[in-house]
Amino acid sequence: QVQLVESGGGLVQAGDSLRLSCAASGRTFSRYAMGWFRQAPGKTREFVAAISWNAGRTDYADSVKGRFTISRDNAENTVFLQMNSLKPEDTAVYYCAAGSLPIINGKYDYWGQGTQVTVSS
């Protein structure tokens, strides 16, 4: 069983930055792709970013390209989401997800409990 624990959320103003972290345990972290998703009130969960097992490939939603950066530290079993130039529309619960393969394939086996990010205007 894989456990994913997100941290780093909070209340910020538009234009500020936040760095989310997701600590993983329960299987060999470095063998799997990882992703970040978010869900705003009244909306479905949406893809934000993904990173392959060795960080050789990253993918981003168009809405966050150029502002968010996903990264990972395989020695620390942690994936990060650096969020810059935050906008009120970035307000959501952010979830970390563990992929089923080393490459990014859009499939995720495990999910964290989420961390709230609120951006005020």
Side-chain angles (χ1 to χ4, degrees):
Q1 188 72 16
V2 175
Q3 293 80 41
L4 302 173
V5 179
E6 301 97 335
S7 62
L11 172 63
V12 297
Q13 294 186 332
D16 286 350
S17 298
L18 275 177
R19 189 192 196 202
L20 304 183
S21 299
C22 172
S25 62
R27 69 177 183 183
T28 306
F29 175 79
S30 61
R31 293 182 181 176
Y32 299 92
M34 298 292 294
W36 284 98
F37 290 74
R38 66 187 182 187
Q39 186 168 16
K43 295 187 177 182
T44 58
R45 188 175 297 185
E46 66 174 359
F47 169 76
V48 175
I51 187 167
S52 63
W53 68 281
N54 63 350
R57 175 186 168 187
T58 56
D59 286 348
Y60 296 93
D62 288 343
S63 58
V64 306
K65 280 181 181 177
R67 299 188 299 121
F68 290 11
T69 302
I70 188 171
S71 61
R72 66 189 297 161
D73 184 340
N74 286 344
E76 296 295 328
N77 293 347
T78 303
V79 62
F80 305 97
L81 186 67
Q82 177 67 43
M83 305 185 295
N84 298 330
S85 302
L86 283 162
K87 304 175 181 180
E89 51 263 45
D90 294 319
T91 295
V93 177
Y94 283 72
Y95 298 90
C96 171
S100 59
L101 293 174
I103 60 173
I104 299 169
N105 68 343
K107 297 180 181 180
Y108 297 87
D109 295 331
Y110 300 97
W111 297 81
Q113 293 299 305
T115 185
Q116 177 71 46
V117 172
T118 303
V119 185
S120 64
S121 58

Trainee: Sub-3.5 Å donor-acceptor pair from the side chain of T115 to the main-chain atoms of G9, do we have one?
Mentor: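 Between the backbone of G9 and the side chain of T115 there is a qualifying donor-acceptor contact (under 3.5 Å).
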Trainee: Kindly compute the distance separating CG (N77) from CE (M34), expressed to the nearest 0.5 Å.
Mentor: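 Here the interatomic distance stands at 9.5 Å.
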Trainee: Does a side-chain N-to-carboxylate-O contact under 4.0 Å join D62 and K65?
Mentor: yes
Trainee: Hey, what else clusters with I103 if you join Ile, Leu, Val, Met, Phe, Trp, Tyr whenever side-chain heavy atoms sit under 4.5 Å?
Mentor: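 When side chains under 4.5 Å apart are linked, the cluster holding I103 also contains L101.
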Trainee: Looking at every heavy atom in both S17 and S85, which two are closest together, and how far apart are they?
Mentor: OG-N, 4.3 Å
Trainee: How far apart are the C-alpha atoms of L4 and Q113, what are their side-chain angles, what is the distance that settles it, and do they pass the side-chain contact (heavy atoms from CB on, under 4.5 Å) test?
Mentor: CA-CA 8 Å; L4 302 173; Q113 293 299 305; over 6 Å; no
Trainee: Are R38 and S63 side-chain neighbours, meaning at least one heavy-atom pair lies under 4.5 Å?
Mentor: yes
Trainee: Is I51 reachable from Y110 through a run of hydrophobic residues whose side-chain heavy atoms are each under 4.5 Å from the next?
Mentor: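 Linked, Y110 and I51 end up in one cluster.
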Trainee: To the nearest 0.5 angstrom, please state how far the CD atom of Q39 sits from the OG1 atom of T44.
Mentor: 7.0 Å
Trainee: Where is the tightest heavy-atom contact between S121 and A14, given as atom of each residue plus distance?
Mentor: CA-CB, 4.4 Å
Trainee: I'd like to know whether L20 forms a side-chain contact (heavy atoms from CB on, under 4.5 Å) with V117, so could you lay out the CA-CA distance, the side-chain angles of the two residues, the decisive distance to 0.1 Å, and finally the verdict.
Mentor: CA-CA 9 Å; L20 304 183; V117 172; 4.1 Å; yes
Trainee: Does Q1 offer a backbone N or O that forms a donor-acceptor pair with the side chain of Q3 under 3.5 Å?
Mentor: yes
Trainee: Looking at E89, I want to see if its CD is surrounded by more than 12 non-hydrogen atoms of other residues, nucleotides or ligands under 6.0 Å.
Mentor: yes
Trainee: Strictly distance-based, threshold 3.5 Å: is any side-chain N or O of Y60 a donor or acceptor partner for the main-chain N or O of I70?
Mentor: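 Answer holds: yes.
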Trainee: What distance separates F80 CZ from S71 OG, expressed to the nearest 0.5 Å?
Mentor: 6.0 Å
Trainee: Within 45° of the axis and under 6.0 Å from the centre of the six-membered ring of Y95, does NZ or CZ of R45 qualify?
Mentor: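 Verdict for Y95: a cation-pi partner in R45.
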Trainee: Between G8 and L18, what is the shortest heavy-atom contact and its length?
Mentor: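 Distance-wise, the nearest heavy atoms are O-CD2, 3.6 Å.
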Trainee: Could you give all pairs that pass the ring pair (Phe, Tyr, Trp, His ring centres under 6.0 Å) test and reach residues 7-37, with sequence neighbours left out?
Mentor: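 Every ring pair (Phe, Tyr, Trp, His ring centres under 6.0 Å) pair that includes a residue of residues 7-37, provided the two are not neighbours, is F37-F47, F37-Y108, F37-W111.
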Trainee: Between R57 and W53 (side chain of the first, backbone of the second, donor and acceptor by atom type, cut-off under 3.5 Å), is there such a pair?
Mentor: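 Judged by distance alone, no pair lies under 3.5 Å.
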Trainee: Would you call D16 and M83 a side-chain contact if the rule is heavy atoms closer than 4.5 Å?
Mentor: no
Trainee: Give a yes or no on whether the backbone of S52 and the side-chain of R72 come within a donor-acceptor separation of less than 3.5 Å.
Mentor: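 Yes, R72 side chain to S52 backbone: donor-acceptor pair under 3.5 Å.
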Trainee: Are the side chains of T118 and V12 in touch, meaning some heavy atoms are under 4.5 Å apart?
Mentor: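 Answer no - side chains too far apart.
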Trainee: Quick one: does V2's side chain get under 4.5 Å of D109's, heavy atoms only?
Mentor: no
Trainee: Taking only residues at least two apart or on different chains, which pairs with a member in residues 97-107 satisfy side chain to side chain donor-acceptor pair (under 3.5 Å)?
Mentor: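 Non-adjacent pairs meeting side chain to side chain donor-acceptor pair (under 3.5 Å): S100-N105.
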Trainee: Report, as yes or no, whether the 6.0 Å neighbourhood of atom CD on E76 holds more than 12 heavy atoms from other residues, nucleotides or ligands.
Mentor: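 It does not: E76 CD has 12 such atoms or fewer within range.
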Trainee: Say you draw a straight line from CG of N54 to CG of N74; how long is it, rounded to the nearest 0.5 Å?
Mentor: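 Interatomic distance, N54 CG to N74 CG, rounded to 0.5 Å: 8.0 Å.
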Trainee: Report the C-alpha distance between L86 and F68 in whole Å, list the side-chain angles of each, state the deciding distance to 0.1 Å, and finish with yes or no for side-chain contact (heavy atoms from CB on, under 4.5 Å).
Mentor: CA-CA 9 Å; L86 283 162; F68 290 11; 3.9 Å; yes
Trainee: OG1 of T69 to CG of N84: how many Å apart, nearest 0.5 Å?
Mentor: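 Rounded to the nearest 0.5 Å, the OG1-CG separation comes out at 6.5 Å.
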Trainee: Using distance alone, with no hydrogens and no angle criterion, decide if T78 and D73 have a side-chain donor and acceptor under 3.5 Å apart.
Mentor: no
Trainee: Under a single-linkage definition using a 4.5 Å side-chain heavy-atom cutoff for Ile, Leu, Val, Met, Phe, Trp and Tyr, are I104 and V79 assigned to the same hydrophobic cluster?
Mentor: no
Trainee: Using atom types as modelled and distance alone, determine if a side-chain donor or acceptor of E6 lies under 3.5 Å from a backbone N or O of C96.
Mentor: yes
